[in-house]
Each structure stands twice: as C-alpha cells, then as structure tokens.
Amino acid sequence: MAPQEGTVFVVDDDSSTRELLSWLMKRNGRQAQVYPDARSFLEAYKPGTPGCLVVDLNMPGMSGLDLQQYLKESGVTLPVIFLSGRADVTKAVRAVREGAIDFLERPFDYRRVVALIEDCLRRDAETRSSHERRRAHNARLAQLTQREREVLELVVAGRMNREIAERLDISIKTVEAHRAKIMEKLEVSSVAELVQATLSGA
C-alpha cells in the first residue's frame with residue numbers, strides 16, 4: 001500500500017511505543033517518522049510539512065506539553081494527540097484545552113489510535129486547504145484597483161448598479177465595466193460566487 005499524504009510524527013522516549021506506532025501506521029498506509037525526544041523532532045521537522053503529532057505527555061527534558069506550547073508559539077499548527085498514563089489524565093485534559101485534539105491513555109486500543117490519527121490528518125488537510133484558498137483569494141484581491149475595491153464592497157453589501165453609480169458618482173455603464181473586471185480578476189462567474197468568495201476569504 002502506497003503511503004498517503006500527511007506524515008505521522010511520533011515523539012516518545014519509549015522505543016517499544018515508537019516501534020508499535022510505526023508498524024501500525026505502515027500497516028494502514030501512513031508514513032511515520034519516530035523520534036526519542038522533542039529536541040530530535042524539532043531538529044528534523046520542516047515547518048509546513050503536513051501531518052500530525054503523536055507525543056508522549058511526560059518525557060525527560062522537554063515534555064510533551066512543553067513541545068506543544070513551543071509549536072504554538074512558533075506558529076506550527078500540526079494537530080496533536082498526547083499519549084498518557086492513568087495518572088496523567090489531569091495534564092492530558094489541560095493539553096486538550098491548549099489545543100490538542102485528544103489524548104490516548106495507555107495501554108491504548110489500536111483501532112482508536114488509527115481513527116484518531118486519521119481524524120487529525122483530515123483536519124490538517126482541511127486547514128491547509130482553507131489557508132491555501134484564502135491565500136489565493138487574497139492574491140487575486142490584491143490585483144483590484146481602489147475603485148474596483150469600492151465597487152466590490154457595495155456589490156457584496158447587496159447594492160444595485162444604480163445605487164453604486166449614485167454612491168460613487170459614476171455612470172451605470174462604468175459600474176458594469178468595473179463589475180465585469182472584478183469578476184474576471186477574482187475568477188468567478190456569478191454575483192453569488194463573488195459574494196461567497198469574498199466572505200469566505202475575509
């Protein structure tokens with residue numbers, strides 16, 4: 001089975017856990033990279049790489065919580081799943097409040113591990129896709145002239161061509177020309193698409 005997109009980064013000081021998760025991911029067609037501690041992960045990780053992070057809550061040196069906080073402060077948005085023991089539930093709940101997707105209590109159920117990781121990878125892909133759409137839309141918006149931006153704002157506000165012409169003190173034909181140019185630059189074919197693209201990219 002060819003590995004699917006999105007890497008599962010496993011950070012755990014327990015070698016048996018690393019081996020188990022690596023095997024489990026390979027069996028389910030996922031690429032996994034394993035690290036014995038947070039520092040080795042940070043040295044190898046290239047920001048922007050799609051995937052998710054499965055990390056031990058308690059590790060010598062930089063703990064899982066410390067790593068989560070560091071990534072947040074660095075603007076890294078990888079979804080995080082924590083591995084924890086029964087005594088760590090309070091910390092694990094705190095980790096979820098800080099943005100972790102969930103935590104797995106040892107010993108964990110294989111099916112739950114796979115389901116959670118698949119959910120994280122799906123979330124990561126959706127987040128990246130949304131960011132890419134917003135970036136592309138903003139790049140297209142940057143092509144608009146100041147007058148086209150003014151017309152766009154009024155179109156999105158539901159104003160008719162006549163109202164826009166009166167508001168901007170220009171002719172209706174000029175408004176129509178601006179609207180046509182706006183739709184061409186934003187790569188939409190209807191006013192509904194124009195409004196949707198503008199609001200979703202806001």
Side-chain angles (χ1 to χ4, degrees), residues 1-139 201:
M1 190 186 295
Q4 302 170 61
E5 188 181 357
T7 301
V8 181
F9 299 99
V10 178
V11 184
D12 197 309
D13 61 325
D14 179 60
S15 60
S16 59
T17 300
R18 295 197 302 271
E19 288 170 16
L20 170 63
L21 289 173
S22 181
W23 170 81
L24 201 53
M25 291 303 98
K26 188 175 181 181
R27 186 170 174 234
N28 285 274
R30 287 294 181 186
Q31 180 181 341
Q33 291 181 14
V34 299
Y35 304 91
D37 54 59
R39 291 293 173 196
S40 57
F41 163 71
L42 289 172
E43 285 169 8
Y45 179 69
K46 292 184 176 128
T49 303
C52 76
L53 177 64
V54 182
V55 59
D56 187 15
L57 197 57
N58 290 314
M59 292 184 292
M62 191 180 206
S63 72
L65 282 172
D66 292 337
L67 176 58
Q68 179 192 28
Q69 193 59 40
Y70 179 86
L71 292 173
K72 272 182 74 176
E73 290 170 0
S74 303
V76 175
T77 58
L78 275 180
V80 180
I81 298 170
F82 279 102
L83 301 176
S84 67
R86 290 184 188 279
D88 300 325
V89 171
T90 303
K91 283 185 184 175
V93 169
R94 179 185 140 205
V96 171
R97 284 181 182 152
E98 287 291 320
I101 300 301
D102 210 334
F103 64 91
L104 292 163
E105 196 175 303
R106 304 173 198 267
F108 38 76
D109 178 85
Y110 291 4
R111 284 170 298 182
R112 178 162 162 72
V113 172
V114 172
L116 260 182
I117 287 174
E118 288 297 330
D119 181 48
C120 279
L121 292 171
R122 187 167 52 252
R123 289 186 193 211
D124 184 60
E126 287 170 0
T127 299
R128 289 173 190 282
S129 177
S130 174
H131 286 167
E132 178 54 31
R133 283 197 303 273
R134 193 172 295 118
R135 187 204 62 75
H137 178 72
N138 288 340

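Excluded from the calculations below are hydrogen atoms, water molecules and symmetry mates; all remaining heavy atoms, backbone and side chain alike, are included. Given the structure is predicted, the values throughout are model-derived calculations rather than measurements.
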Validation row: [X], [Y] side chains within 4.5 angstrom (heavy atoms):
| X | Y | result |
| --- | --- | --- |
| Q68 | L65 | yes |
| L116 | L104 | yes |
| C52 | V8 | yes |
| L21 | L83 | yes |
| F9 | V54 | no |
| L53 | V76 | no |
| M25 | V10 | no |
| L24 | V113 | yes |

Original post:
So, does S22 use its side chain to make a donor-acceptor pair with the main chain of R18 at under 3.5 Å?
Top reply: no
Original post:
Can you check whether R123's main-chain N or O pairs, donor with acceptor, with T127's side chain at less than 3.5 Å?
Top reply: yes
Original post:
For R133, which residues count as a salt bridge (charged side-chain N to carboxylate O under 4.0 Å, His left out) partner, sequence neighbours excluded?
Top reply: none
Looking only at non-hydrogen atoms, find the nearest pair between [X] and [Y] and report the distance.
| X | Y | value |
| --- | --- | --- |
| C120 | P79 | O-CG, 3.4 Å |
| M59 | D13 | CG-OD1, 3.9 Å |
| V55 | G64 | CG2-CA, 3.9 Å |
| G51 | D124 | N-OD2, 2.9 Å |

Subject >> Check against salt bridge (Lys or Arg N to Asp or Glu O under 4.0 Å), R135 and E132 >> reply: CA-CA 5 Å; R135 187 204 62 75; E132 178 54 31; 2.8 Å; yes
Looking at [atom1] of [X] and [atom2] of [Y], how far apart are the two atoms once the value is rounded to the nearest 0.5 Å?
| X | Y | atom1 | atom2 | value |
| --- | --- | --- | --- | --- |
| Y45 | L78 | OH | CG | 3.5 Å |
| F108 | S84 | CZ | OG | 10.5 Å |
| F82 | D12 | CZ | CG | 12.0 Å |
| D56 | R106 | CG | CZ | 4.5 Å |

Subject >> Residue pairs passing the salt bridge (Lys or Arg N to Asp or Glu O under 4.0 Å) test where at least one lies in residues 63-83, sequence neighbours excluded >> reply: K72-E98
Original post:
Can you tell which of V114, L121, D119 makes a side-chain contact (heavy atoms from CB on, under 4.5 Å) with I117?
Top reply: L121
Under 3.5 Å donor-acceptor pairs involving side-chain atoms of residues 33-42, not counting sequence neighbours:
| residue | atom | partner | partner atom | Å |
| --- | --- | --- | --- | --- |
| Q33 | OE1 | Y35 | OH | 2.7 |
| D37 | OD1 | R39 | N | 3.3 |
| D37 | OD1 | S40 | N | 2.8 |
| D37 | OD1 | S40 | OG | 3.0 |
| S40 | OG | D37 | O | 2.9 |

